[in-house]
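Some notes on the structure that comes next.
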Amino acid sequence: MIEGDGDGTGILTETGGLNSTIQNLTVRGFEYGIEDDFASRLTIKSVTSEQNRVGIYGDLSTITCTNSTIRENDNDGISLFNGESLIVRDCEIRDNGGNPVLMCCRNRVVFEDCVIVGNGEPARFPMVPGTRIEGTEIAESSGAGISTIYGDRQNTPDEPVEITDSYIHDNDGPGIAHGNGYLEVIGCTLSGNQDGYYADGIEAGSAVLRYNNIEDNEEYGAFFREVLEGEVDAECNYWGDESGPKHPNNPRSDPKGQRVTASIDVVPWSVERIKDNEGVCIGGQERVGYISLSSFTKVTGDDEVACVPDEDGWGDSFYIRREARNGWSDEGVVVDVPNSSQSFRGYLITAEGDTPSSGGPSGEGPWGEDCSSWLFVNEEQEVQFDIEQTVHDPEPIVAHEAVQPTNGDGDDVGLPLDLVRTTFAPFAEAE
């Protein structure tokens, strides 16, 4: 152990481009626990730097730190300026009063399998080539977990800075505050932060979020200022619920997932939590339709409703057989959904693909065990016939009461219907 009284430097290396190694000791109680200057190449192994003002400080340095602990320093854990690179592996950077890592201005930064917890400020690093964070936990910061800063303007990355397979959680600010540069966030969990991902000032197309679990953040799962008129590519993420994020492009009537701003592209999302960078990315590809309350109850299963294949109803699925007709005529059936400028065209649906339509609404045929129902779909949506469709909204919530179906001439067809809004998708896609 090397212990000081709060002033000076514990270990100073000034090797002028040569290599030096510090290992197997504790440095405590200095202004700078370890200071590296003058184009030195320093390796730090199995070292604890604690209770200094700054744990490790470098200028014109190349530093590699492995299996070490940087903790309880009054200001920054690691601070490096004008060097070539900082590589940190299997290290713990904990409970420092300032930034766990503060980099400027052209340094390449690599974190692998580290724990960065309980610090007073974000981990700040420049967006320069070769920078990446992998397999690292970043948590419980008094500000953001990660904050990007400008790098050397002559050193712009051709490839994105990557944050992969990391757990970024319970930070008082955003998990990731993205202010500049090209960033990819892949296979991470962003949870319990103020916002999962927060972008302000980036250019359109300079962020990709893919195969992440983004859940339980207080304000937004992902936020991007719409005034910038750009998009963040955020496809195939899980947003905390199968129903997807609260987003204008979500066809669900009441999604339960995280809030996401409109300028972030979320479709498709994963309807299951991401595991091993894989998800079931079919969310948002549903089609929106309306069905009468009695028919919807029949489709989702109720043994008190007549005209079902068995006591389980239709089993939350159906087949679209053809366009609905008014009785035996060739006239179609439509409904004008309130508060919508578009007509919804009626289609005949059955419980099974090979079921004959022996019953149905408005005189389609005699009522029998294998009857049919009507589904109304926006005319701009393409429907697929004779393919099993799964219902994604199992609760029968009436969206509009007493809506009158009509034929192509505007004449009433049948009785007014209490319409339930539902979303559905081909079962083959879900598989």
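- With rounding to the nearest 0.5 Å, the separation of OG in Ser270 from CD in Glu235 is 12.5 Å.
- Gly55 and Ser49 get closest at one heavy-atom pair: O-OG, 2.8 Å.
- By the side chain to side chain contact (heavy atoms under 4.5 Å, CB included) test, Phe385 pairs with Ile320, Tyr347, Val383, sequence neighbours left out.
- Gln23 CD: more than 12 foreign heavy atoms inside a 6.0 Å radius.
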- Task: Kindly determine whether Asp195 and Leu190 satisfy side-chain contact (heavy atoms from CB on, under 4.5 Å), including the steps that lead there.
- Result: CA-CA 8 Å; Asp195 305 291; Leu190 309 179; over 6 Å; no
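- Using modelled atom types, one side-chain atom of Asn213 and one backbone atom of Ile274 make a donor-acceptor pair closer than 3.5 Å.
- Between the side chain of Asn96 and the backbone N or O of Ile70 there is at least one donor-acceptor pair closer than 3.5 Å.
- Residues Val101 and Leu86 meet the side-chain proximity criterion, which asks for heavy atoms closer than 4.5 Å.
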- Item | Residues Asn217, Gln194; criterion side-chain hydrogen bond (donor to acceptor under 3.5 Å, both in side chains); working and verdict | CA-CA 6 Å; Asn217 297 287; Gln194 181 183 33; over 6 Å; no
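- Not a single donor-acceptor pair under 3.5 Å links the side chain of Asn67 to the backbone N or O of Lys45.
- Checked by atom type and distance alone, the side chain of Asn193 pairs as donor or acceptor with a backbone atom of Ile168 at under 3.5 Å.
- Other residues, nucleotides and ligands contribute over 12 non-hydrogen atoms within 6.0 Å of the CG atom of Asp411.
- Across Ser295 and Ser373, no two heavy atoms sit closer than the pair OG-OG, 3.2 Å.
- Salt bridge absent: Glu184 and Arg210 never bring a charged side-chain N and a carboxylate O closer than 4.0 Å.
- Under the 4.5 Å side-chain criterion, counting only non-hydrogen atoms from C-beta, Asn378 is not in contact with Val288.
- At a threshold of 4.5 Å between non-hydrogen side-chain atoms, the residues Val403 and Pro338 count as touching.
- In Glu401, the CD atom is not crowded: 12 or fewer heavy atoms of neighbouring residues, nucleotides or ligands sit closer than 6.0 Å.
- At distances below 3.5 Å, at least one donor-acceptor pair connects side-chain atoms of Ser141 with backbone N or O atoms of Glu121.
- Counting only distance, with no hydrogens or angles, the side chain of Asp170 and the backbone of Glu140 share no donor-acceptor pair below 3.5 Å.
- Contact check for Val161 versus Phe125: side-chain heavy atoms found under the 4.5 Å cut-off.
- With hydrogens and angles disregarded, a donor-acceptor distance shorter than 3.5 Å links the side chain of Ser68 to the backbone of Val47.
- Note that the CZ atom of Arg108 and the CE atom of Met103 stand 10.5 Å from one another [nearest 0.5 Å].
- At a threshold of 4.5 Å between non-hydrogen side-chain atoms, the residues Leu348 and Trp374 count as touching.
- How far CH2 of Trp239 is from NZ of Lys246: 12.0 Å, rounded to the nearest 0.5 Å.
- Checked by atom type and distance alone, the side chain of His178 never pairs as donor or acceptor with a backbone atom of Phe224 at under 3.5 Å.
- With values rounded to the nearest 0.5 angstrom, Asn180 atom CG is found 9.0 Å from Ser206 atom OG.
- A 4.5 Å side-chain heavy-atom check between Tyr197 and Val232 finds at least one atom pair inside the cut-off.
- Applying the side chain to side chain contact (heavy atoms under 4.5 Å, CB included) rule to Leu293 yields the partners Thr297, Pro396, Val398, Asp418, Val420; only residues at least two apart in sequence or on another chain are considered.
- With contacts defined as side-chain heavy-atom distances shorter than 4.5 Å, the pair Ser243/Asp254 does not qualify.
- Between Phe223 and Tyr198, the ring-plane angle classifies as parallel under the 30° and 60° cut-offs.
- The pair Glu215-Arg273 meets the salt-bridge criterion, with a side-chain N (NZ, NE, NH1 or NH2) lying under 4.0 Å from an Asp/Glu carboxylate O.
- Taking CG of Asn171 as the start and OG of Ser147 as the end, the distance is 11.5 Å to the nearest 0.5 Å.
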- Task: Applying side-chain contact (heavy atoms from CB on, under 4.5 Å), run through Leu419 and Arg421 and close with a yes or a no.
- Result: CA-CA 6 Å; Leu419 294 180; Arg421 184 184 188 276; over 6 Å; no
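- Note that CD1 of Ile163 and CD1 of Ile176 are 4.0 Å apart. Values are rounded to the nearest 0.5 Å.
- In this structure, the side chain of Asn237 engages the main chain of Ala234 through a donor-acceptor pair within 3.5 Å.
- Within the 6.0 Å centre-distance limit, the rings of Phe318 and Phe424 are counted as a close aromatic pair.
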Would you be so kind as to tabulate the donor-acceptor pairs closer than 3.5 Å made by side chains of residues 87-95, with sequence neighbours excluded?
| from | atom 1 | to | atom 2 | distance (Å) |
| --- | --- | --- | --- | --- |
| Arg89 | NE | Glu112 | OE1 | 2.8 |
| Glu92 | OE2 | Arg94 | NE | 2.9 |

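- Side chain of Asp76 to main chain of Asn99: a donor-acceptor pair is present (N/O by atom type, distance under 3.5 Å, no hydrogens or angles).
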